[in-house]
Amino acid sequence: MNSVQELEQYICTLYDTRDQLKTHVFDRSDAAFAAGDAIRDAIVTPEAARVRQVEIREAFLRSIGGLPDVSANPETEEGPTTGEDKSLDSAPLKGRSIRTARGFGEASGVRSDPFLKGRTTGVTRGAGFQVEKVVFESSPGYYVTSNLYLPDHREERSAAVLFLSGHEFEGKHNAYYQRVIQQFVRAGLIVMAIDPIGQGERLSFCNSEEKEGSRIWGTQEHQQCGFQCHWLGDSIARYFVHDAMRAVDYLCERPEVDEARIGVTGNSGGGTQTAMMMVCDERIAAAAPATFIMNRQLYMHAGGVQDAEQVWPGLTRLGYDHEDLLIAFAPKPLLVLAVEYDFFPIEGTQRTVDRSRRFWELLGHLDHVQLVTDASTHRYTDRLAEAAAAFFVQHLQVRVNAAYEMKIEALPPENLWCCSSGQVYRDYADARSIRNFNEDRCDRLAQARSLLPTQQRQDQARKWLQERIYAFRKPCELNPRVIRLGVVEGLEADYRLWWSQEGIMNSGYVFRLAGDSTGRKQPLTVAVWRGGTRRLKEHWEWIQETCRSGCAVLVLNTSGVGPHEPYPIYGKPAHSYFGVLHKLADDLIWLGDSLAALRTFDVLRCVEVVSHFDEWQGGVIPFYAVGREGLYVQLAAVIDPGIGQVKAVDSLSSISKLASARQLEEEGAMSVVFPGMLKVLDLPDLNEPQGDDRGQRERKEVEGHE
């Protein structure tokens with residue numbers, strides 16, 4: 001090797017390690033999917049089917065962190081700090097429906113809700129219908145903008161459909177969504193279309209100074225908020241479900257609506273929301289999820305990545321798949337809509353529907369489930385809209401004839417705005433966002449943690465971390481390899497490769513000052529930063545200075561880092577949102593795991609490697625950590641007394657601040673998510689004096705915290 005650049009690009013020919021992380025994640029997922037198929041296949045009686053439905057609903061609710069409290073008082077946070085375990089392994093919610101769990105009574109519908117505060121801000125006319133522009137509060141100060149379409153020809157108390165928008169910037173007033181909605185209106189159905197989080201009039205990162213093209217919206221907003229929710233042990237899905245359920249509350253309060261005849265539909269992200277409503281809201285009488293229902297195993301292998309609200313922590317590990325979304329709804333009328341050229345593999349959709357049919361048969365209504373497809377790319381096509389309209393007319397028992405003379409034509413978006421500016425967060429000074437909720441919950445969790453004595457809190461945090469870091473790992477012999485690479489700019493370099501666990505190798509470069517012939521054992525510092533040995537140049541000055549001081553340096557590559565970076569998908573940068581590392585981080589979260597936990601385990605194994613070689617001075621091993629990736633070292637140090645001083649530069653200083661920040665750095669964000677951590681500790685807790693000797697051995701030196 002003649003240069004640092006050559007070192008950065010070095011490829012070891014002993015092993016091709018780039019697919020190891022993906023193979024590890026896929027193999028674990030495939031085993032879980034197979035187990036889930038076996039569980040469903042074993043259900044052969046109506047009684048067993050009903051038990052499965054209860055299990056699905058309870059598991060889903062636990063997965064997303066429950067639903068937000070609709071009361072005016074802040075929700076009470078309880079977690080491991082109070083002795084109650086709300087993980088996926090906790091006991092089922094016996095005897096409680098999801099409706100009851102969120103405060104619903106046993107009667108159908110919800111009336112006179114003081115916190116819904118629905119108001120009509122204007123009315124506009126279309127051809128054969130009028131549209132009320134309605135704003136309601138899903139939670140106090142949390143505004144949802146919606147359009148209520150009232151056909152001129154309808155029953156006195158009519159069937160209604162909740163339309164949930166996919167990932168379109170305009171949300172409810174998108175021109176082609178209007179076309180779908182008007183198909184339903186023409187059939188005599190009342191339609192309520194709401195703006196999803198981060199779309200339409202609900203861009204929470206929007207302000208009057210921002211340029212139109214620079215707005216954060218849709219998947220980007222969902223990912224930023226979803227990233228933060230994970231730290232609290234939640235999924236952003238809880239807010240999507242809650243908004244939709246509150247929209248049903250509003251429909252039930254309208255005198256024009258027959259609350260026993262409410263359906264739901266939407267495509268893409270709206271199909272996701274539809275499926276979640278099928279699981280969560282017992283009031284839904286018929287459902288038509290479009291361009292979403294598939295098979296997660298096929299989608300995973302096809303390279304698919306999903307938005308934050310479509311990732312449900314731990315459910316893959318428990319064997320759940322899209323079949324369960326359908327099973328939970330049986331035997332109610334269900335129309336699955338799909339397109340044949342979708343990025344959601346049509347084979348997966350067909351498999352899921354075919355395998356689910358027998359649950360309708362078990363429960364006595366085989367004729368209530370059907371699949372309709374169209375030869376199109378990802379879209380709620382006219383054919384699908386017409387099929388959905390006919391389906392709702394039949395199963396919601398619409399008793400008026402379709403107004404075929406009604407012309408379907410999109411209204412100008414501004415005619416459908418509920419806010420004068422077209423944005424809630426500009427027009428409502430008291431408008432709250434998910435970031436505000438997360439900030440409040442961070443404060444309450446911090447307060448709950450502070451009630452415990454320091455030693456008890458830290459012992460509990462250590463136990464919690466150990467369980468999650470070591471869970472699912474398959475340790476094996478290190479079997480390290482050493483490859484001498486020569487001298488580069490005065491430093492001897494060699495490449496070390498070892499097994500972190502079965503099927504996954506880690507590696508690193510060891511640097512020492514060339515020509516040192518004293519024969520004495522040097523101290524060693526382990527360095528951890530983004531990109532590992534692929535980003536030596538920007539840290540080269542520090543490496544040289546450290547070696548000149550008489551200390552060797554090991555630059556660590558954890559799983560998926562440096563030469564182990566997985567092959568890209570869709571040509572996207574590996575560390576970007578929806579890049580391959582984001583995908584694998586999500587797939588690990590589906591497994592109840594995380595990339596952060598896996599890489600923290602890698603750091604612990606690195607300590608073992610250093611001891612194995614027996615080349616350096618004994619005692620605790622100092623670490624030098626740069627950026628967010630220093631989190632792995634900070635957490636490993638809680639568990640392993642072999643980790644000494646941690647010099648952290650530009651590191652995370654507080655997860656609570658990260659979980660309530662207005663905007664986040666996107667690169668590599670999902671790689672540091674440690675779901676649920678704030679329920680037991682935040683990083684400042686690690687620096688508090690401890691009651692045991694271990695906690696006093698060395699204090700951390702921290703520079704330039706974020």
Would you check if there is a donor-acceptor pair between the side chains of [Y] and [X] at a distance under 3.5 Å?
{"X": "N438", "Y": "S660", "answer": "no"}
{"X": "H564", "Y": "N506", "answer": "no"}
{"X": "E608", "Y": "W498", "answer": "no"}
{"X": "N557", "Y": "T533", "answer": "yes"}
{"X": "D307", "Y": "T219", "answer": "no"}
{"X": "Y632", "Y": "T558", "answer": "no"}
{"X": "D321", "Y": "Q297", "answer": "no"}

How about [X]: does its [atom1] atom have over 12 heavy atoms from other parts shown lying under 6.0 Å from it?
{"X": "Q447", "atom1": "CD", "result": "no"}
{"X": "E615", "atom1": "CD", "result": "yes"}
{"X": "L451", "atom1": "CG", "result": "yes"}

Exercise for the section: Quickly, which of R28, R296, R317, K22 forms a salt bridge (Lys or Arg N to Asp or Glu O under 4.0 Å) with D587? Name it, please. Expected result: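 Result for salt bridge (Lys or Arg N to Asp or Glu O under 4.0 Å) with D587: R296.
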Should the pair F613 and W616 be assigned to parallel (<30°), tilted (30 to 60°) or perpendicular (>60°) ring geometry?
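Judged by the thresholds at 30° and 60°, the geometry between F613 and W616 is perpendicular.
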For residues [X] and [Y], determine if any side-chain heavy atom of one lies less than 4.5 Å from a side-chain heavy atom of the other.
{"X": "F227", "Y": "E666", "result": "no"}
{"X": "I643", "Y": "V620", "result": "no"}
{"X": "V528", "Y": "Y624", "result": "no"}
{"X": "W231", "Y": "S656", "result": "no"}
{"X": "L445", "Y": "C442", "result": "no"}
{"X": "I543", "Y": "E541", "result": "no"}
{"X": "S653", "Y": "L683", "result": "no"}
{"X": "D685", "Y": "R457", "result": "yes"}

Determine, for [X] against [Y], whether the closest basic-nitrogen to carboxylate-oxygen distance falls under 4.0 angstrom.
{"X": "E545", "Y": "R548", "value": "no"}
{"X": "E629", "Y": "R530", "value": "yes"}
{"X": "D593", "Y": "R473", "value": "yes"}
{"X": "D494", "Y": "R496", "value": "yes"}

Could you tell me which non-hydrogen atom of [X] sits nearest to which non-hydrogen atom of [Y], and how far apart they are?
{"X": "D234", "Y": "G65", "result": "OD1-CA, 3.7 Å"}
{"X": "L524", "Y": "P622", "result": "O-CD, 3.3 Å"}
{"X": "C547", "Y": "L491", "result": "CB-CD2, 3.6 Å"}
{"X": "P568", "Y": "R18", "result": "CD-NH2, 4.2 Å"}

**Request:** Please determine if R468 forms a cation-pi arrangement with F674, meaning its NZ or CZ atom is less than 6.0 Å from the six-membered ring centre and no more than 45° off the ring axis.
**Result:**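 Judged by the rule (NZ or CZ under 6.0 Å from the ring centre, within 45° of its axis), R468 is not positioned above F674.
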Measure the [atom1]-[atom2] distance between [X] and [Y] for me, rounded to the nearest 0.5 Å.
{"X": "E489", "Y": "Q544", "atom1": "CD", "atom2": "CD", "result": "5.5 Å"}
{"X": "F601", "Y": "L598", "atom1": "CZ", "atom2": "CG", "result": "8.0 Å"}
{"X": "I64", "Y": "W312", "atom1": "CD1", "atom2": "CH2", "result": "9.0 Å"}
{"X": "W499", "Y": "R605", "atom1": "CH2", "atom2": "CZ", "result": "11.5 Å"}
{"X": "I655", "Y": "K657", "atom1": "CD1", "atom2": "NZ", "result": "11.5 Å"}
{"X": "C551", "Y": "L513", "atom1": "SG", "atom2": "CG", "result": "11.5 Å"}

When you measure from the side chain of [X] to the backbone of [Y], do you find a donor-acceptor pair of N or O atoms at a distance under 3.5 Å?
{"X": "Q228", "Y": "A661", "answer": "yes"}
{"X": "R484", "Y": "V482", "answer": "no"}
{"X": "Q458", "Y": "L686", "answer": "no"}
{"X": "D37", "Y": "A34", "answer": "no"}
{"X": "T600", "Y": "A596", "answer": "yes"}

Practice task
Might you work through the side-chain contact (heavy atoms from CB on, under 4.5 Å) test for D586 and K583, ending with a clear yes or no?
Solution key: CA-CA 5 Å; D586 279 353; K583 168 189 169 55; 5.8 Å; no
Distance flag, aromatic centroids of [Y] and [X], threshold under 6.0 Å:
{"X": "W590", "Y": "F33", "answer": "no"}
{"X": "Y299", "Y": "F343", "answer": "no"}
{"X": "H582", "Y": "H575", "answer": "no"}

- Task: Under the salt bridge (charged side-chain N to carboxylate O under 4.0 Å, His left out) rule, what do D459 and R462 come out as? Steps first, then yes or no, please.
- Result: CA-CA 5 Å; D459 288 346; R462 187 177 299 116; 3.2 Å; yes
Worksheet entry | Of Q306, Q310, E309, H167, the residue whose pairing with T272 passes side-chain hydrogen bond (donor to acceptor under 3.5 Å, both in side chains) |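 Only one of Q306, Q310, E309, H167 forms a side-chain hydrogen bond (donor to acceptor under 3.5 Å, both in side chains) with T272, namely Q310.
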TODO: Apply the test side-chain contact (heavy atoms from CB on, under 4.5 Å) to residues R628 and S651: give CA-CA distance (whole Å), side-chain angles for both, the deciding distance (0.1 Å), then the verdict.
DONE: CA-CA 5 Å; R628 287 177 175 174; S651 66; over 6 Å; no
Can you spot which of V488, L485, L7 makes a side chain to side chain contact (heavy atoms under 4.5 Å, CB included) with F511?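 Looking at V488, L485, L7, the match for F511 under the side chain to side chain contact (heavy atoms under 4.5 Å, CB included) is L7.
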Checking side-chain contact (heavy atoms from CB on, under 4.5 Å) for the pair Y495/L14: CA distance, chi angles, key distance, verdict? CA-CA 11 Å; Y495 182 66; L14 294 178; over 6 Å; no
(Q) Show, in sequence, the C-alpha distance, side-chain angles and deciding distance for F623 and K647, and conclude whether the side-chain contact (heavy atoms from CB on, under 4.5 Å) test is met. (A) CA-CA 6 Å; F623 274 73; K647 184 175 182 180; over 6 Å; no
